[in-house]
Every structure is written in C-alpha cells, then in structure tokens.
Amino acid sequence: MKVTIVGAGLSGLIAARELIAHGNDVLVLDKGKGVGGRLATRRIGEAVFDHGAQFFTVRDARFQSMVDAWITAGVVREWCRGFGTEQDGFPRYVGVTGMTAIAKHLATDLDIRTSALVFSVLPSDTGGWTTTLDTGECFASDVVLLTA
C-alpha cells in the first residue's frame, strides 16, 4: 500500500518504520522545520535543554526491544529509576544528546517532507485519499495515518 503519515513525532516515525518493514511505500509529512514533534532539543550557546518530552518510560516488551536497540546504537541512555526516596524501579530514558536524537535516528532513510502544513485530507475518486498541503501540492495514497 501507499501510505501518507501526518506527523513526524515519535508515533509517526515508528509507524513509518513498521509500515516500511511490511513492504509499504510511506511518505511522512510534518509542519515543523525538523522531525521530532514533542521530542525537541534546543541549544543556546553551550546550554542544551529539552522542552516537550524530557524523558520516557517503557512498560511494553515490544517497545523495550526498540529502546534496547537505541541504547546499543548510542541514541538513548537510562537516566534514573524514579524520583525521591521511593523509586518505582521503572527506568526513565533520555536521548544521549537530547530527545531530538531519537527522532533523527528514527528518521534515517525515511521519505519525510518537513515544513509541510497539511491543509486537507479528502477521499479520492479512486477509493484512496488525497492529502493537500497549504502550498497546493497534493499526495495520493491508499491510507492516511494522522499522528499529529
């Protein structure tokens, strides 16, 4: 199938990789200047800080296997296992160089168009969908996945 994904945050990027792994043709559209959505890292001089998602936890074995691969690739690291004196034992993970690093890692080799503001998603005459950007550019697909 030909799939258009709206949103290049964590959900959109993971969905794109999964769909491609199953033989689909995928295009990812995002209104931002870069990938990541809430996985946003800013740099001001020597300072580096995350706004939006600052860490994440894992409670699912399948997601843990993805995170383990990110650890091996040097993209994420364990930060802590809770806060205060009563730690819950669940690891909190952060991007090694900031949370945006996760999105950039996931975006490798994907067809992603940034600064692409989706104006409409409408059924097409052929049974699929037409996604139109604010620029007037249109993309036809069998499926549209909205992750924004």
Side-chain angles (χ1 to χ4, degrees), residues 1-80 88 90-148:
M1 286 192 304
K2 189 169 186 173
V3 181
T4 299
I5 297 176
V6 179
L10 185 62
S11 296
L13 295 171
I14 288 175
R17 298 198 78 72
E18 287 291 312
L19 287 162
I20 289 168
H22 287 89
N24 297 287
D25 179 22
V26 177
L27 169 66
V28 180
L29 304 172
D30 195 279
K31 68 180 179 179
K33 292 179 184 177
V35 298
R38 291 192 61 216
L39 299 177
T41 304
R42 297 289 182 256
R43 289 166 177 78
I44 300 175
E46 297 295 316
V48 177
F49 63 96
D50 291 307
H51 61 97
Q54 297 167 346
F55 67 90
F56 66 93
T57 61
V58 177
R59 303 285 199 312
D60 175 81
R62 188 166 176 217
F63 186 45
Q64 185 67 61
S65 68
M66 285 184 206
V67 173
D68 290 342
W70 300 344
I71 292 169
T72 300
V75 176
V76 302
R77 66 176 174 82
E78 185 177 319
W79 176 45
C80 67
D88 62 14
F90 289 105
R92 272 74 169 171
Y93 297 97
V94 295
V96 170
T97 59
M99 295 299 279
T100 301
I102 301 164
K104 289 178 180 178
H105 176 75
L106 288 169
T108 303
D109 298 326
L110 296 180
D111 185 1
I112 300 174
R113 314 282 169 90
T114 56
S115 299
L117 180 61
V118 173
F119 181 74
S120 68
V121 178
L122 299 170
S124 69
D125 296 337
T126 61
W129 297 90
T130 301
T131 303
T132 305
L133 303 183
D134 63 338
T135 61
E137 189 175 9
C138 296
F139 302 94
S141 60
D142 301 305
V143 175
V144 176
L145 176 60
L146 303 175
T147 67

Approximate separation, where rounding is to 0.5 Å, of Thr130 OG1 and Phe139 CZ: 11.5 Å

Look at the side chain of Asn24 and the backbone N and O of Met1, then say whether any donor-acceptor pair between them is shorter than 3.5 Å. yes

Counting only heavy atoms not in Phe63 (residues, nucleotides, ligands), do more than 12 fall under 6.0 Å from its CZ? yes

Minimum heavy-atom distance Thr114-Gly32, with the two atoms named: CB-O, 3.2 Å

Using the rule side-chain contact (heavy atoms from CB on, under 4.5 Å), only one of Leu27, Leu122, Val121, Ile5 pairs with Thr131; which is it? Val121

Once side chain to side chain contact (heavy atoms under 4.5 Å, CB included) is applied, do any residues pair with Thr100, and if so which ones, sequence neighbours excluded? Thr41, Lys104

Quick one: salt bridge (Lys or Arg N to Asp or Glu O under 4.0 Å) partners of Asp88, sequence neighbours excluded? Arg92

Can you measure from CG (Leu29) to CG (Asp111) and round to the nearest 0.5 angstrom? 8.5 Å

Can you measure from CE (Met66) to CZ (Arg17) and round to the nearest 0.5 angstrom? 10.0 Å

With rounding to the nearest 0.5 angstrom, report the OG1 to CD distance, Thr57 to Gln64. 10.0 Å

What do you reckon, is NE2 of His51 surrounded by more than 12 foreign heavy atoms closer than 6.0 Å? yes

Determine the minimum heavy-atom distance between Ala40 and Met99, stating which atoms define it. N-CB, 4.4 Å

Enumerate, atom names and distances included, each donor-acceptor pair closer than 3.5 Å involving a side-chain atom of residues 140-148, sequence neighbours excluded.
unit_1 : atom_1 : unit_2 : atom_2 : d
Ser141 : OG     : Thr4   : OG1    : 3.2
Ser141 : OG     : Val143 : O      : 3.1
Asp142 : OD2    : Lys2   : N      : 2.7
Thr147 : OG1    : Val6   : O      : 2.8
Thr147 : OG1    : Gly7   : O      : 3.3

Check whether more than 12 heavy atoms from other residues, nucleotides or ligands sit under 6.0 Å from atom CG of Asp109, and answer yes or no. no

To the nearest 0.5 Å, what is the distance between CH2 on Trp70 and OG on Ser65? 9.5 Å

Within the distance-only criterion (no hydrogens, no angle test), does the side chain of Asp30 pair as donor or acceptor with the backbone N or O of Val35 below 3.5 angstrom? no

Nearest atoms (heavy-atom pairs only) where Phe56 meets Ile102: CE2-CD1, 3.7 Å

Please determine whether side chain to side chain contact (heavy atoms under 4.5 Å, CB included) holds for the pair Val94 and Arg77, giving the CA-CA distance in whole Å, both sets of side-chain angles, and the decisive distance to 0.1 Å. CA-CA 6 Å; Val94 295; Arg77 66 176 174 82; 3.8 Å; yes

Is atom CZ of Arg43 surrounded by more than 12 heavy atoms (other residues, nucleotides or ligands) closer than 6.0 Å? yes

If every non-hydrogen atom of Ala103 is compared with every non-hydrogen atom of Leu13, which pair is closest and at what distance? O-CD1, 3.5 Å

CZ (Arg59) with more than 12 external heavy atoms under 6.0 Å: yes

Closest approach of Trp129 to Ser124 (non-hydrogen atoms, all atoms of both residues): N-OG, 3.7 Å

Give me the atom names and distance for the closest heavy-atom approach of Phe119 to Asp134. CB-N, 3.8 Å

